[in-house]
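The figures that follow rest on heavy atoms only: side chains count, while hydrogens, waters and symmetry mates do not.
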Amino acid sequence: MSATPAPAIEIDHLTKFYGTREIVRDLCLTVPSGSIYGFLGRNGMGKTTTIRILLGFEEPTRGRTRVLGEDSSRLSPANRARIGYLPEGHHVYGWMTVRECGKFQASFFPKWNQDVFEAVITHFRLEAKMKAGHLSRGQRAGLCLALTLAPEPELLVLDDPALGLDPVARRSLLQSMLYVTRQPSRTILFSSHLLSDVERVADRIVVLDGGVLRADCTVETFRSRLRHYVLKFRDTPPPTPRLPGLLESFRTDRELIITLANVTPDVEEQIARLGPESIESVEMTLEDAFVSYVGERGEKTFFTRQLNGK
Amino acid sequence: MSLAFSISPASEVPIFRQIMHQIQRAVAARALQVGEQLPAVRSLAETLVINPNTVARAYQELIREGLLESRAGRGVFVAERRQVFSEAEQARRLRHLAEQLCHEAVLLGTRWGELRALVETTWKQLQSQPESHT
C-alpha cells in the first residue's frame, strides 16, 4: 500500500469578511480523501463562500485552504481538472443542445469519459438533440451533473445540487453520487437542506452556523448527542432550570419537554431532581436535531468543539 | 433470496438500525435461512441508495450479536444460531421489548386477552415456518 493520500480538502483558520461583515469565522476543517461530506447550515451561513474560496474564486481574509494538496489561490490547471464543481442553480448555455454542451465542456478537460456523460444523460432521461434552454429544472440538473462527472473528477464539490429537484431527480442525483464514490479515492463535498438525502449518503456532516463551525461528525453522532426529554408531572411543571446544553424547552399543563445537547450524567441527575413522575428520553430525527441545533431558540455558544472528532 | 428491504431516512430510527431490524425479522421468520448469504454491502447500498458504510455498520453489529457471520473473501452469511448474550442480558432485552409492547397495547386500548392471543398466534406462525435447510 502507498502512503495515505493527502486530504482532499484542508481548511486552516479560514476567516472571510465582506466589508465589515464577517461571513466565515476561523473555520478549520479537514475532509479526508474517499469520503462523502454533507455541508449543512441555514441560508447565508457561509457555505457557498467557503466553497468559492476552496476553489480559488475568492481570496480569504485570513487563513488558508488547500485542495488536493495545493493552495486554493494557486491551483494549477492540472489540479483544477481533477475537481468537479457544480455551482448552485444549474446554469447551462440555453442555445446549445445537450450534445453540444458535452462537446463544449469536453474541450476544456484533458480527460473526458463520454460513456459517463451519456450514462448520466440517459439516467435523467435526456436526449442529445434537446435544447438546454428548454429543459426542466430536474433535466438541467442532470445535464450539469453529466458535465461535472464526465471528466471523472477525484473531488466533487456540489453546491446545493438538489435545489429545485423533484423526488425522482433527487434520487437519480444520490445514485450518481454513490456511483462516483465506488472508487475509493473519490471525495464529495455537497451542501444541502434536504436532511433525509444527507442521511442517506453522507459519511459525515459539517454544520456551519453564522460562519462558525458547530459540528463535524457522523450523522449518527450528531443525532445521538441531541436528545428530547419528556418529563411528566403531577402538577404544573417547575420552571425550566438552566441546564448546560439546553437548546429548547416547551411546556404544557403537565409536561416539560426539553431538548439537550451532550447530556452528561450530571445533567441527567439535575433533570431527575425536578421530581417528575416520569422521564422519557426520545430519539430525534436528523431534521429535528438540526432544527433544534441551529434554530432561533435556545443558546448558541456551547460546544463548538465537543461535537468534533468521532 | 426473499429480502425486500425498505428504509425511511426521515425516521427516529437510524438507517443502519432499520436494516438490522429487517434482517432480524427475516431470520426470525426464516425468510433468511441459516447459511444463506446476504447481499454484498455495495450492491445493497446501491439498491437502497444509501452510503455503503451504513450497510457495513448494520452487518457488523449483527455479526457482533452473532446473528450473521463473515466468511473471509466470500461475504456475510446467516450464522448458526448461538447465544452471544448472557442470560441477564437476554432477560433485560426481553423485558424491554415486553414493556414496549404492553405500553403500545395499553395506548391502543387492547385487552389482555387480545394481546395474549396475538402473541400466541405470532409465535405459532414463526414455529410453523419450514425449518432451515442446513
Enquirer: Looking only at side chains, do Ser11(B) and Ser8(B) share a donor and an acceptor under 3.5 Å apart?
Expert: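 Ser11(B) vs Ser8(B): no donor-acceptor pair found between side chains.
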
Enquirer: Would you say the side-chain atoms of Ser136(A) pair up with the backbone N or O of Gln139(A), donor to acceptor, closer than 3.5 Å?
Expert: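 Yes: the side chain of Ser136(A) pairs with the backbone of Gln139(A).
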
Enquirer: For the residue pair Tyr293(A) and Phe222(A), does the interplanar ring angle fall in the parallel (under 30°), tilted (30 to 60°) or perpendicular (over 60°) class?
Expert: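 The arrangement is perpendicular - the two ring planes meet at more than 60°.
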
Enquirer: Examine whether an atom of Ala289(A) lies under 4.5 Å from a heavy atom of chain B, and if so say whether it belongs to the side chain, the backbone or both; otherwise answer neither.
Expert: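 Neither part.
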
Enquirer: Answer with side chain, backbone, both or neither: which region of Ile36(A) has an atom nearer than 4.5 Å to a non-hydrogen atom of chain B?
Expert: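 When you check distances to chain B, only side chain atoms of Ile36(A) fall under 4.5 Å.
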
Enquirer: Among Met177(A), Gln175(A), Arg171(A), Arg182(A), who wins on heavy-atom pairs under 4.5 Å with chain B?
Expert: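 Looking at each option in turn, the highest pair count goes to Arg182(A).
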
Enquirer: What part of Glu199(A) lies closer than 4.5 angstrom to a heavy atom of chain B: side chain, backbone, both or neither?
Expert: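 Both the backbone and the side chain of Glu199(A) come within 4.5 Å of chain B.
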
Enquirer: Is a side-chain donor-acceptor pair under 3.5 Å present for Ser35(A) with Asp203(A)?
Expert: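 Looking only at side-chain atoms, Ser35(A) and Asp203(A) do not form any donor-acceptor pair under 3.5 Å.
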
Enquirer: Quick one: do the Asp288(A) and His228(A) side chains pair a donor with an acceptor below 3.5 Å?
Expert: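 His228(A) and Asp288(A) do not have a side-chain donor-acceptor pair below 3.5 Å.
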
Enquirer: Are side-chain N/O atoms of Thr181(A) and Arg186(A) paired as donor and acceptor at under 3.5 Å?
Expert: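 Side-chain D/A pair, Thr181(A) to Arg186(A): absent.
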
Enquirer: Under 3.5 Å, side chain of Lys232(A) to main-chain N/O of Arg254(A), donor-acceptor pair present?
Expert: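 Such a contact is absent between Lys232(A) side chain and Arg254(A) backbone.
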
Enquirer: Between the side chains of Glu10(A) and Thr30(A), is a donor N or O closer than 3.5 angstrom to an acceptor N or O?
Expert: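 Short answer, no.
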
Enquirer: Could you name the residues of residues 44-72 of chain B that have a heavy atom within less than 4.5 Å of a heavy atom in chain A?
Expert: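 Residues Ala45(B), Glu46(B), Leu48(B), Val49(B), Ile50(B), Asn51(B), Pro52(B), Asn53(B), Arg57(B) are the ones that qualify, each having a heavy atom under 4.5 Å from chain A.
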
